[in-house]
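What follows is a single structure, written as structure tokens, with notes after it.
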Amino acid sequence: MLLPKKGNASTPIEVQRKQLPIYQAKAQLLNQLRQLQNAIIIGETGSGKTTQIPQYLYEAGIGRLGLVAITQPRRVAAISLAGRVAEEKRTQIGKLVGYTVRFEDVTSSETKLKFMTDGMLLREAIGDPLLLKYTVVVLDEAHERTVHTDVLFGVVKTAQRRRRELNKVPLKVIVMSATMDVDLFSEYFNKSPVLYLEGRQHPIQIYYTKQQQSDYLQAALVSIFQIHQEAPPAHDILVFMTGQEEIEALARTCRDISKHVPDGCGSMVVLPLYASLPPAQQLRVFQPAPKGCRKVILSTNIAETSVTISGIKYVIDTGMVKAKRFNPDSGLEVLAVQRVSKAQAWQRAGRAGREESGFCYRLYTEQEFDNFLPMTVPEIQRCNLAGVMLQLMALGIPDVMNFDFMSKPSPDAVRSAVDHLELLGAVERREGPVFLTPLGKKMASFPLEPRYAKTILLSPEYSCSEEILSIVSLLSVDTVLYNPPARRDDVLAARKKFTSSEGDHMTLLNIYRAFKKVSGNKEWCRENFVNSRNMGLVKDVQAQLRDICLKLNLKLESCGSDTSSVRRCLAHGMFLNAAELQLDGSYVALDTHQPVTIHPSSVLFQAKPAYVIFNELLHTSRCYMRDLCLVDADWLLEAAPEYFGRKLHLSKT
DNA sequence: GAGCACTGC
């Protein structure tokens, strides 16, 4: 994600630090933090807690026996906060103040304040469950409740207790959050005291609709132009919507209408904002509109936390969001448009009051708002837990089925995750308790979904580790294929030369091989509709996975043109994602027996192979399999004889 | 013959 250039304030850093609201509370805060082993700090935006508290601790000599870790849900945040704090301490980044995120470790033996992603600290915990390097762990943005932060809650709590029992240096845990979830946090951390910090949020006037709106897009359109006609042109508008398609459609409508509004109303520039928008277009939201012209930004929830835009005076909140839900019975993740939570609605409104007072138009009634959920359901209760459970076991947690989660996932979801790991051979059940197998331990060392890790670990048996490493890397980033709808025929023509009749995995591998042959040439990427940024990421992931393989003494070799070895290996590792052609020409997923269909984006769309494995199921208008690979029934049987013994028709005619 | 919010290891 790109960041806007910061206006360089001429105020000296020391003065800026003292002007922060938190400075007034410094002495009292340190007094408390010195004594407490756990603290919950509630700070409004702009309080300065994230940059100042680590420095205060360091300056006061608290936790000097080890490092202070400050976790963030996002990479950019970890990196830019470390930069800011290093600047304030007038040191080079990587010395006293450093950061660690995936693919990048800017720390040294001098580092005492370490900003890192929550996922990174969790990875470190696998090698060192007591987190002995650290004397203080600060879990920042805890209200976002990422899966990683939620698992870390349990990890630090356990580490704290174990260190006490073993008479090791104590671990101080500081949880920092926005205003929500206070009681939950405090209760979980042994009724820990809650410290409140005042912020710099400006007042925001909230408006609700008088009647329920049946069409929030129409309501948004009306609101935009109502504000446009009444407010001074320097006041920008931010509209929260659900996705790319609806944003682009409303952008077109706004541009059309703005040509026909009465004179004297000024013009408007309409800017879409969503994650898959090319970086250059994302940057446009930070540029000030020309004088006399209003900026209207139509955004997904990316503008709730990840992107902060200055100059927003008006927020229009549709009250809707697209979010993932998980069904443990079918193993299906579904992306659906749904209501936001109250917490989310307040977060959206807050985007209007960053520099001065603002307005928020909620496109729902106050009664509707009263019925919103107070908090967004934590991600840990909405996702596939197979990876989480594997990680917990690798951490040496004795009873993973009853792990002390702050918000427990459903027993069904836990059970289905453990079943999944058992089928992969990562865990064993011996009269009740669940144990990690040697294979499972190796699987946990990869930053991948368990089935991908398993496939890599199987690949030396098929002498195709190089190919499998490439394929898994390709599958674990966002798509490397660029598909501009306007150039559909060109895309098809360019892709044809890489297409494999054996499926999408082999097609992707062909593209990757060609990409490497031209050393990632940008022009080649453009001509072949390949996303060069994501391809670069594939290379980074592959390098990381290769390192892990070498540490595990796996034999890395290439099978050259023997593609059936690769497909055998995929069949063996991904057998839980297999589908079988039926007599009537349809497919069923063998795991759940639900009817599935080949996604039209697949190179196998026109083909009718008897057996395929697929990368994922996507539930939209139908249940689609995406990224398919042609396999033999025999290979599936070899992979899991008992499992398939009763499932396969083996309709060899 | 479809169309996908946002992160992260």
query = Relative to A:Trp346, does A:Arg351 satisfy both conditions: NZ or CZ under 6.0 angstrom from the six-membered ring centre, and within 45 degrees of the ring's axis?
reply = no
For [X] and [N], what is the distance between atoms [atom1] and [atom2] respectively, to the nearest whole Å?
| X | N | atom1 | atom2 | answer |
| --- | --- | --- | --- | --- |
| A:Glu141 | B:dT7 | CD | C1' | 13 Å |
| A:Met120 | B:dT7 | CE | P | 19 Å |
| A:Glu379 | B:dA5 | CD | P | 16 Å |
| A:Asp105 | B:dC9 | CG | C1' | 14 Å |
| A:Arg123 | B:dG8 | CZ | C1' | 11 Å |
| A:Leu273 | B:dC6 | CG | C1' | 12 Å |
| A:Leu122 | B:dT7 | CG | P | 20 Å |
| A:Leu335 | B:dT7 | CG | C1' | 13 Å |

ask   = When the nearest nucleotide of DNA chain B is assigned to A:Leu618 and to A:Phe605 on a heavy-atom basis, which residue is associated with the more 5' position?
value = A:Phe605
Out of [options], which nucleotide sits closest to the side chain of [X]?
| X | options | answer |
| --- | --- | --- |
| A:Tyr624 | B:dA2, B:dA5, B:dC9 | B:dA2 |
| A:Ser306 | B:dC9, B:dT7, B:dA5 | B:dT7 |
| A:His599 | B:dC6, B:dA2, B:dC9 | B:dA2 |
| A:His148 | B:dC6, B:dG8, B:dG1 | B:dG8 |

Under 4.0 Å, counting only non-hydrogen atoms across every strand here, what does [X] touch: a base, just sugar-phosphate, or nothing?
| X | answer |
| --- | --- |
| A:Phe446 | nothing |
| A:Arg145 | nothing |
| A:Thr117 | sugar-phosphate |
| A:Arg74 | sugar-phosphate |
| A:Gln391 | nothing |
| A:Arg626 | base |

key: Quiz item: A:Arg75 side-chain donor-acceptor pair to B:dC9 base, under 3.5 Å   = no
ask   = Less than 6.0 Å separating the ring centroids of A:Tyr364 and A:Phe372?
value = yes
inquiry  = Can you tell me which residue among A:Lys157, A:Arg382, A:Arg145, A:Lys408 is in a salt bridge (charged side-chain N to carboxylate O under 4.0 Å, His left out) with A:Asp150?
reply    = A:Arg145
ask   = Are A:Thr146 and A:Thr149 linked by a side-chain donor-acceptor pair shorter than 3.5 Å?
value = yes
ask   = After noting the C-alpha distance and the side-chain angles of A:Lys551 and A:Cys549, does the key distance pass the side chain to side chain contact (heavy atoms under 4.5 Å, CB included) rule?
value = CA-CA 5 Å; A:Lys551 286 198 184 103; A:Cys549 288; over 6 Å; no
